[in-house]
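Each remark here refers to the structure printed beneath this line.
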Amino acid sequence: MRTSWADSVSNSAAEIAISDKNSLPRPTRSTYVPPHLRSGSISDLSGPVTGTNGGSRWTGSDGGGTKPELRRQGQANSYATAGRDAAAGGGGGGGGRNNRSGGWDRREREVNPFGNDDKIYDIKQNFSEQENSGINFDAYEDIPVEVSGENVPPPVNTFAEIDLGEILNQNIRRCKYVKPTPVQRHAIPIALAGKDLMACAQTGSGKTAAFCFPLISGIMRELYAQRSHVGRTVYPLGLILSPTRELSCQIHDEAKKFSYQTGVKVVVAYGGAPINQQLRELERGVDILVATPGRLVDLLERARVSLQAVRYLALDEADRMLDMGFEPQIRKIVEQMNMPNRGVRQTMLFSATFPREIQRLASDFLSNHIFLAVGRVGSSTDLIVQRVEFVLESDKRSHLMDLLHAQRENGNHGKQALTLVFVETKKGADSLEHWLCMNGFPSTTIHGDRTQQERELALRSFKSGKTPILVATDVAARGLDIPHVAHVVNFDLPNDIDDYVHRIGRTGRAGKTGLATAFFNESNLSLARPLAELMQEASQEVPAWLTHYASRAPYGGNKNRRSGGRFGGSDFRREESIGKNLDYYSGGNSGNAYEGLVDIAGGYAPGVTSAWD
DNA sequence: AAAAAAC
């Protein structure tokens, strides 16, 4: 029984894959060029992407003066053919897409990220299993959708409608995805059409796959986009950035599953871990680089990575990536590191929340983008039961203890359900964790003062149930897909309602239900109004005392950018054009499949989405 | 004020 979108493989299988990665046999020379390609002259390398001298894309100095030592693999005929080769386990079929990876057939070298769970070939046998794969798709029907922008491609209802190719389809089946989630149904066709995209979708609704599939598919399709390197500099074609190391790892793990046997190589780079291993991995070739910003800048400054060949840029948790703390770094990476300009590359931004001012800032990186919002009110799903309790600072620990005791007694055979406890500070995390352990609740903690090793150990220990309580700072607030989290406790509430949305989104994933409890007191007054509104929109019970605090809170005091208190899903261009009494889309919108608000999934007539609008 | 992100 699975609860996660991509991590449909059992934890143990995933761990095997991780440990195998460390013992992978490596080619003795990363720059090996197979004999049949050695005769390839440099003039063969002057394609649109790989041409160092005449190539229009590479205008930097990387190749200047030195003789470029580019690898180029045989042209693929079609990836469908490669897929048959791969499925048959056949040896080096000439021209297969898999040959991209370095000229020699490395399929046997590729760790199967699905481990022992790889049973896709008997589709019929697996069909009933798929239907029970733990993804509750019914929970995603009736979902309001807003799309704006020019020439929006229509959504699809099945993966079969999307021409992703046979290999990707096999991986989709291996992941036990039966049909696309709403964000996937809309975002994948938009991305495949080459459009820039800003996409808001609820936590846990399958965003990673929504940007990974088009990236992988696009890289497979582009015959001229051959992987290459100049000296020790590698040139990824796709770049995926995320705000935390653990999230980058998670995206990498999922992307590895999606790209299995496609020949598309995914590499991850993040701080806190020895750089040498990451460098070696990069040297072996990279098509899609998943990274945190700091380590990427390091790699760029060492000239071990160049962004000149990037055709796809995806920012996960994009509003976080563009907030005050990250924006300068992102701007440096995107604007000052030889990355092709917007409009040349394709840019996709994903998040569950998208404050209007961040949308405005993000438009610097986008070219005529399509805005997509998929989700129910509040962007907190109504799969999560939200509770708020008034708890004085001094009572928080004993109150938490009461909750944990009750939970243990109600739980399965006295086993503690996985509980994620968010606190404000790193010190507070350590001290609460220590206190819980002293009081008989096996706990661990994850925050930025711990070593990366400790952080990853904590996460594993929590996932496995060894320490069923994880005390965390906001490092764990976004994106992490931890199956079976039954309860999120906001021991300390965040100051920003968007952070609250992301935190509680660690439960209630993949269509499963979850519980979120918040401890509210007088130090959280600024959150009273947005929290009350959010809960009300999600049809949650709002305590009278909270309504009271909310009514006394000053208007506009918080940076609630939700006009009318709605879920953070509305195109800032639309709002601003309304404000200026201008129709931003007067020219281009007429040909749209959807104009304005259309409920595609729910079967409502247009205009009946007022509750959400 | 706090958190995250390179060495």
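In what follows, chains are A, B, ... by sequence order, proteins preceding strands, each numbered from 1.
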What is the distance, rounded to the nearest whole Å, between atom OH of A:Tyr270 and atom C1' of B:dA6? 14 Å
Quickly work out the A:Asp449 CG to B:dA5 C1' distance and round it to whole Å. 13 Å
Protein-nucleotide distance (A:Leu241, atom CG; B:dA5, atom C1'), rounded to Å: 12 Å
Atom CG of A:Asp496 to atom P of B:dA1: distance rounded to whole Å? 18 Å
Describe the nucleic acid contact of A:Arg455 in one word from base, sugar-phosphate, nothing, applying a heavy-atom distance below 4.0 Å. sugar-phosphate
Output yes when a side-chain donor or acceptor of A:Lys207 lies under 3.5 Å from a complementary backbone atom of A:Ala201, and no otherwise. yes
Looking across every strand, which nucleic acid part, if any, lies under 4.0 Å from A:Arg245 by heavy atom: base, sugar-phosphate, or nothing? sugar-phosphate
Name the nucleic acid region contacted by A:Gly325, choosing base, sugar-phosphate or nothing; use a 4.0 angstrom heavy-atom cut-off, strictly under. base
Ring centres under 6.0 angstrom apart (A:Phe520, A:Tyr549): yes
Minimum-distance pair of heavy atoms, taken over all atoms of A:Arg397 and A:Ser431: NH2-OG, 2.6 Å
Among B:dA3, B:dA6, B:dA1, which is the nearest nucleotide to the side chain of A:Asn495? B:dA1
Decide whether A:Gln250 and A:Glu246 meet the rule of one side-chain donor and one side-chain acceptor closer than 3.5 Å. no
Report yes if a side-chain nitrogen or oxygen of A:Thr292 is closer than 4.0 Å to either non-bridging phosphate oxygen (OP1 or OP2) of B:dA6; otherwise report no. yes
Looking across every strand, which nucleic acid part, if any, lies under 4.0 Å from A:Val475 by heavy atom: base, sugar-phosphate, or nothing? sugar-phosphate
I need the CD-C1' distance between A:Gln329 and B:dA3, as an integer number of Å. 14 Å
Give the rounded distance in Å between these two atoms: CD1 of A:Ile446 and P of B:dA5. 9 Å
Test side-chain hydrogen bond (donor to acceptor under 3.5 Å, both in side chains), reference A:Thr353, set A:Asp319, A:Asp499, A:Thr203, output is A:Asp319
Considering just the side-chain nitrogens and oxygens of A:Lys427, establish if one lies under 4.0 Å of OP1 or OP2 belonging to B:dA2. no
Can you measure A:Glu327 atom CD to B:dA5 atom P for me and round it to whole angstrom units? 18 Å
